[in-house]
Amino acid sequence: TAGYDGDDYPEVARWDWDFVMKKQYMGIRCGPDWCEVGNSQAFVPSESHMSLAESFSDLSSRRTVEVKGWYDEQYLATAGDGELQPSAIVGTIFPDLMLESYDDEAADFRTFTPVARVALRVDPSVLRDEALTRGDVQLYKDKFNFDLTPDESLNRISVCRGSAESCGIPDGEVPPDSERPEGPKCTDVDDPWWATIEGLTGAPKFYCIKRHTAGLDPPGTVRWRWLASDEGEWIRCIKGCCEVHGPH
């Protein structure tokens with residue numbers, strides 16, 4: 001991508017989708033560039049999100065939407081006939097440009113801090129009943145407060161570390177941890193983390209986070225996190241990764 005050097009490409013790999021040939025392919029950082037690996041010279045790489053980049057004034061901001069390694073994109077799943085099926089909804093999750101810089105020493109995340117933005121669109125080439133697609137859109141609104149994003153407006157995810165009170169979550173909106181119905185709730189763990197998601201319509205909603213630590217500091221990227229019941233979100237959060245859990 002013009003104007004970038006090796007530091008602008010994260011040390012990651014991701015799956016990508018050829019929307020023309022309808023095939024999966026791979027994206028991998030390769031030195032100071034981004035390489036895309038398909039099964040023939042005929043594969044058609046997905047487009048980056050240049051229209052969103054035009055609203056940013058500097059390269060460090062624009063790279064999160066222009067350089068594919070930073071963000072993740074896929075068809076989101078919905079449950080039908082008791083099993084997961086791909087829907088016509090294409091979800092793209094972008095990291096906040098500051099995500100990589102947050103650290104413990106700066107006491108980051110002590111208030112709700114922007115970490116990601118999410119675009120949702122319906123792919124008209126997917127042959128799916130319109131009523132089913134409307135239901136799929138509503139499912140992701142109910143679960144993660146995501147709206148369809150027809151222009152440059154995006155859904156926003158922010159994260160806070162601390163008690164529900166210190167993070168400013170109203171008493172009536174403290175979420176249960178549905179991922180662990182028989183175990184400790186978010187309010188019971190030693191180091192609770194929370195997310196709030198602002199859609200394009202309605203009030204923000206609050207969510208539990210399940211945090212994994214491995215003593216390593218991952219790059220400031222975000223990904224969709226596949227679960228047995230649907231997609232969630234994976235976000236770098238200071239020497240660990242945070243999974244945002246909606247109701248399942």
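Basis for what follows: all heavy atoms, side chains included, without hydrogens, waters or symmetry-related copies. The first residue of the sequence shown is numbered 1, and numbering continues consecutively from there.
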message: Does Gln138 have more than 12 heavy atoms from other residues, nucleotides or ligands lying within 6.0 Å of its CD?
response: yes
- line: Output for pair (Leu216 CG, Cys241 SG), nearest 0.5 Å, gives 10.5 Å
message: Applying a strict under-4.5 Å side-chain criterion to I, L, V, M, F, W and Y, I'd like to know whether Val159 and Met98 cluster together.
response: yes
query: In terms of side-chain geometry, is the basic nitrogen of Lys210 or Glu243 positioned less than 4.0 Å from the acidic oxygen of its partner?
result: no
message: Does the plane of the ring in Phe112 sit parallel, tilted or perpendicular to the ring in Phe206? Use 30° and 60° as the thresholds.
response: tilted
message: Which label fits Phe43 and Tyr25: parallel for a plane angle under 30°, tilted from 30 to 60°, or perpendicular past 60°?
response: tilted
task: Would you give the length of the straight line joining atom CZ of Phe146 to atom CG of Leu154, rounded to the nearest 0.5 angstrom?
output: 11.0 Å
- request: Take Asn145 and Asn155 through the test side-chain contact (heavy atoms from CB on, under 4.5 Å) and record every step on the way to the result.
  value: CA-CA 8 Å; Asn145 206 27; Asn155 304 289; over 6 Å; no
task: State, to 0.1 Å, how close Gly240 and Pro218 come at their nearest heavy-atom pair, and which atoms those are.
output: O-CG, 3.5 Å
- prompt: Got a second to check how far Trp17's CH2 is from Tyr75's OH, nearest 0.5 Å?
  reply: 6.5 Å
query: Of all heavy-atom pairs between Val222 and Asp72, which one has the smallest distance, and what is that distance?
result: O-CB, 3.8 Å
- request: Consider only side-chain heavy atoms of I, L, V, M, F, W and Y, link residues closer than 4.5 Å, and tell whether Phe144 and Val90 are in one cluster.
  value: no
task: Check the pair Ile93, Glu73 against side-chain contact (heavy atoms from CB on, under 4.5 Å), reporting the backbone distance first and the verdict last.
output: CA-CA 7 Å; Ile93 182 168; Glu73 184 170 74; over 6 Å; no
side-chain hydrogen bond (donor to acceptor under 3.5 Å, both in side chains) partners of Tyr102, counting only residues at least two apart: none
Sidechain N-carboxylate O distance under 4.0 Å for Asp147, Lys141: yes
Sidechain-backbone polar pair: Thr64 side chain, Asp96 backbone, donor-acceptor under 3.5 Å: no
task: Quick one: closest heavy-atom pair of Ala131 and Asp129, and the distance?
output: N-OD1, 2.8 Å
message: With no hydrogens and no angle check, just 3.5 Å: does a side-chain donor-acceptor pair link His49 and Glu66?
response: no
query: Out of curiosity, Phe109 CZ to Cys242 SG, how far, rounded to the nearest 0.5 Å?
result: 7.0 Å
- prompt: With a 4.5 Å limit on heavy-atom distance, are the side chains of Lys205 and Glu198 in contact?
  reply: no
query: Is any NZ, NE, NH1 or NH2 atom of the basic residue among Lys68 and Glu36 found under 4.0 Å from an Asp or Glu carboxylate oxygen of the other?
result: yes
message: Tell me the closest heavy-atom pair linking Trp34 and Val12, and the distance in Å.
response: CZ3-O, 3.6 Å
query: salt bridge (charged side-chain N to carboxylate O under 4.0 Å, His left out) with Glu11: which residues, sequence neighbours excluded?
result: Arg29
message: Nearest 0.5 angstrom please: Leu120 CG to Thr92 OG1, how far?
response: 8.0 Å
- prompt: How long is the span from the CG atom in Leu139 to the OG1 atom in Thr133, to the nearest 0.5 Å?
  reply: 12.0 Å
message: Quick check against the 3.5 Å criterion: does Arg236 have a side-chain atom that pairs as donor or acceptor with the backbone of Val115?
response: no
field: Partner of Arg161 under side chain to side chain donor-acceptor pair (under 3.5 Å), chosen from Asp108, Asp191, Thr113
entry: Asp191
field: By salt bridge (charged side-chain N to carboxylate O under 4.0 Å, His left out) - contacts of Asp103 (at least two apart)
entry: none
- prompt: Salt bridge between Glu233 and Arg117, side-chain N to carboxylate O under 4.0 Å?
  reply: no
query: If you measure from the Lys or Arg side-chain nitrogens to the Asp or Glu carboxylate oxygens, is any gap between Arg63 and Asp8 under 4.0 Å?
result: yes
message: Checking the side chain of Asp18 only, and the main-chain atoms of Lys23 only, is there a donor and an acceptor separated by less than 3.5 Å?
response: no
message: Tell me whether Asp171 at atom CG has more than 12 heavy atoms from other residues, nucleotides or ligands lying less than 6.0 Å away.
response: no
- prompt: Given Leu99 and Trp70, is the side-chain contact (heavy atoms from CB on, under 4.5 Å) satisfied, shown in steps?
  reply: CA-CA 11 Å; Leu99 181 59; Trp70 293 106; over 6 Å; no
message: I'd like to know if Arg128 pairs up with Asp136 as an ion pair, taking the criterion as any Lys NZ or Arg NE/NH1/NH2 lying under 4.0 Å from an Asp or Glu carboxylate oxygen.
response: yes
